Protein chains: 2
Amino acid sequence: MRMLLIEDNDSLAQSIQVYFHNEGHPLDWVNSVEKARSSVSLESFDLLILDINLPGASGFQLLQSLRANGNRIPVLVLTARTEIDDRVSALDFGADDYLAKPFDFRELAARCRALYRRERGKASNDILCGNLVYDLATHSATVNGRLLELRQRERQLLELFLKNLDRVLTKDDISNRLYDFNEAYTPNAIEQTLTRLRKQLANSSLIIKTIRGLGYLAHVDD
Amino acid sequence: MRMLLIEDNDSLAQSIQVYFHNEGHPLDWVNSVEKARSSVSLESFDLLILDINLPGASGFQLLQSLRANGNRIPVLVLTARTEIDDRVSALDFGADDYLAKPFDFRELAARCRALYRRERGKASNDILCGNLVYDLATHSATVNGRLLELRQRERQLLELFLKNLDRVLTKDDISNRLYDFNEAYTPNAIEQTLTRLRKQLANSSLIIKTIRGLGYLAHVDD
DNA sequence: TATACCATGTCAGGAAGATGTCAGCTTTAT
DNA sequence: ATAAAGCTGACATCTTCCTGACATGGTATA
């Protein structure tokens with residue numbers, strides 16, 4: 001288990017490092033969002049422990065941009081305040097768990113283990129559709145072994161269809177899943193995304209059929 | 001199916017209300033545990049949808065006290081995220097199911113139906129007519145497992161007949177259901193749609209009989 | 001900071017499909 | 001046999017959907 005701690009309080013960070021080291025799980029440590037960005041892009045970690053109250057760019061921003069780029073690495077957020085706002089924001093921005101300071105190191109370690117296990121548990125979770133393979137863990141799709149270069153929206157849409165094979169999805173179903181309540185969009189946004197997804201699926205055995213006036217239906221073509 | 005939603009996020013609650021209304025299952029909505037208590041004691045619901053993270057008395061308390069008083073009403077709990085603690089607690093406190101936010105409305109509806117069915121001892125949400133199966137959730141019909149390619153109008157008409165098996169429907173009944181008041185049409189439009197629907201039902205056991213001068217009657221042929 | 005780039009939404013025009021109308025034919029009741 | 005009611009093929013019209021082009025806003029790069 002490879003972990004990165006993003007924390008600007010040096011003494012706290014060092015204490016955590018020592019504790020985890022003694023537990024047999026050494027972790028890397030950076031003290032700013034900028035350094036975190038480059039570490040994450042250069043190396044591959046299994047888990048991030050992210051202090052939300054950082055100087056400069058906030059931890060939220062890091063979290064948000066990671067998720068926006070499709071990075072699904074488990075993130076445990078540390079927050080000084082026990083404010084519900086912070087907690088909700090953290091989870092909404094894509095954190096997997098959070099812990100309010102002050103906390104017990106044992107609890108931190110336990111939660112890290114839980115997150116790691118959770119991620120591991122669904123490691124080999126592939127959806128197979130003829131020549132199309134979708135890996136739910138990495139959220140990547142291959143057709144005949146060739147990796148598709150899906151954008152965020154296309155991936156969300158594909159995943160939605162794969163989880164609902166042979167079932168009709170209305171545009172409402174789709175927009176409820178792809179957009180949150182007060183996000184503005186026209187029905188055309190979905191059509192456009194679908195066009196783009198269909199192009200990517202050109203040589204795959206996954207067919208997304210249009211059911212006029214009702215919605216769409218994905219099925220495997222043999 | 002009479003449902004009560006206990007949710008303090010107004011926009012979410014309203015969206016859910018609209019969605020369920022469109023699904024043909026209007027639900028009542030209160031935004032606090034206190035109001036929920038009085039609603040539940042005054043009226044009889046088939047199902048509660050309970051957000052666990054409420055201001056004031058927690059949803060857990062409501063759930064716990066309901067069960068303590070012997071109330072067995074099915075309860076579906078909404079949690080902010082897949083907090084394992086929340087989930088375990090919810091089920092321990094007597095919830096019948098739980099759903100983590102953000103969720104797909106379709107999934108919420110499906111789980112509600114499932115809970116309701118479980119309570120009723122019913123098997124499914126399908127209408128069965130010999131070799132014809134109509135799925136009310138997806139509004140799709142299959143004959144011998146083969147999906148029918150119904151158009152909007154044909155689907156409306158079929159659904160109407162299925163809900164009125166062995167009952168005579170006059171053209172007026174039908175037009176009142178298929179068209180709104182100021183829509184222009186001739187009686188022939190219905191005949192035309194019926195012709196098209198009958199073609200689709202060619203190999204099914206659903207027969208739509210003409211009662212000359214009166215209307216139509218759908219029944220299962222064995 | 002300025003620039004280029006990329007993802008994604010909007011717009012508009014066109015294609016494909018659904019549905020109503022008409023007209024002529026078939027069926028049914030008397 | 002006749003008239004009324006219903007059925008259905010052909011067509012016109014109107015919707016819905018698709019898709020190329022463009023706009024926008026956010027992100028990375030220099």
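So you know, we letter chains A, B, ... as the sequences are listed, proteins then strands, and number each from 1. All values reported here derive from a predicted model rather than from experimental measurement.
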Apply salt bridge (charged side-chain N to carboxylate O under 4.0 Å, His left out) to [X] and list each qualifying residue two or more places apart in sequence or on a separate chain.
X      : result
A/R146 : none
B/R111 : B/D97, B/E107
B/D172 : none
B/K171 : B/E191

For residues 160-168 of chain B, tabulate all N or O donor-acceptor pairs below 3.5 Å that involve a side-chain atom, not counting sequence neighbours.
from: B/K163; atom 1: NZ; to: B/E159; atom 2: OE2; distance (Å): 3.2
from: B/N164; atom 1: OD1; to: B/R167; atom 2: NH2; distance (Å): 3.4
from: B/N164; atom 1: ND2; to: B/L160; atom 2: O; distance (Å): 2.8

Would you check, one step at a time, whether the test side-chain hydrogen bond (donor to acceptor under 3.5 Å, both in side chains) holds for B/S204 with B/N131?
CA-CA 6 Å; B/S204 84; B/N131 58 11; 4.7 Å; no
So how far is it from A/I208 CD1 to A/T195 OG1, rounded to the nearest 0.5 Å?
10.5 Å
Kindly compute the distance separating CZ (A/R151) from CG (A/L157), expressed to the nearest 0.5 Å.
13.0 Å
Atom-pair distance ([atom1] on [X]; [atom2] on [N]), nearest Å:
X      : N      : atom1 : atom2 : result
A/R37  : D/dT29 : CZ    : P     : 12 Å
A/E154 : D/dT19 : CD    : C1'   : 14 Å
A/I190 : D/dC18 : CD1   : P     : 11 Å
B/L148 : C/dA18 : CG    : C1'   : 17 Å
B/K171 : C/dG20 : NZ    : P     : 14 Å
A/I208 : D/dT19 : CD1   : P     : 12 Å
B/L150 : C/dT19 : CG    : P     : 10 Å

State which residues pass side-chain contact (heavy atoms from CB on, under 4.5 Å) with B/E7; sequence neighbours excluded, sorted by chain then number.
B/L5, B/N9, B/L12, B/A13, B/W29, B/D51, B/L78, B/K101
Output a table of nitrogen or oxygen pairs between the protein and nucleotides 1-7 of chain C separated by less than 3.5 Å.
none

Full working for salt bridge (charged side-chain N to carboxylate O under 4.0 Å, His left out) between A/E34 and A/R37
CA-CA 5 Å; A/E34 289 67 38; A/R37 269 191 225 279; 5.5 Å; no
Could you name each residue pair satisfying salt bridge (Lys or Arg N to Asp or Glu O under 4.0 Å) that touches residues 202-219 of chain A, not counting sequence neighbours?
A/K209-B/E149
Test of understanding: with side chain to side chain donor-acceptor pair (under 3.5 Å), list the residues that count as partners of A/R198, not counting sequence neighbours.
A/T210
Between B/S140 and B/L147, which heavy-atom pair has the shortest distance, and what is it?
CB-CD1, 3.8 Å
Stretch residues 210-218 of chain B: residues that reach within less than 4.0 Å of DNA chain D through a heavy atom:
B/T210, B/R212, B/G213, B/Y216
To the nearest 10 degrees, the angle between the two end axes of the helix from C/dT1-D/dA30 to C/dT30-D/dA1 (five pairs per end) comes to 30°
Numerically ordered, the residues 191-207 of chain B set in heavy-atom contact under 4.0 Å with DNA chain C is B/Q192, B/T193, B/R196
Using only heavy-atom distances, decide whether a donor-acceptor pair under 3.5 angstrom links the side-chain of A/N188 to the base of D/dT16.
no
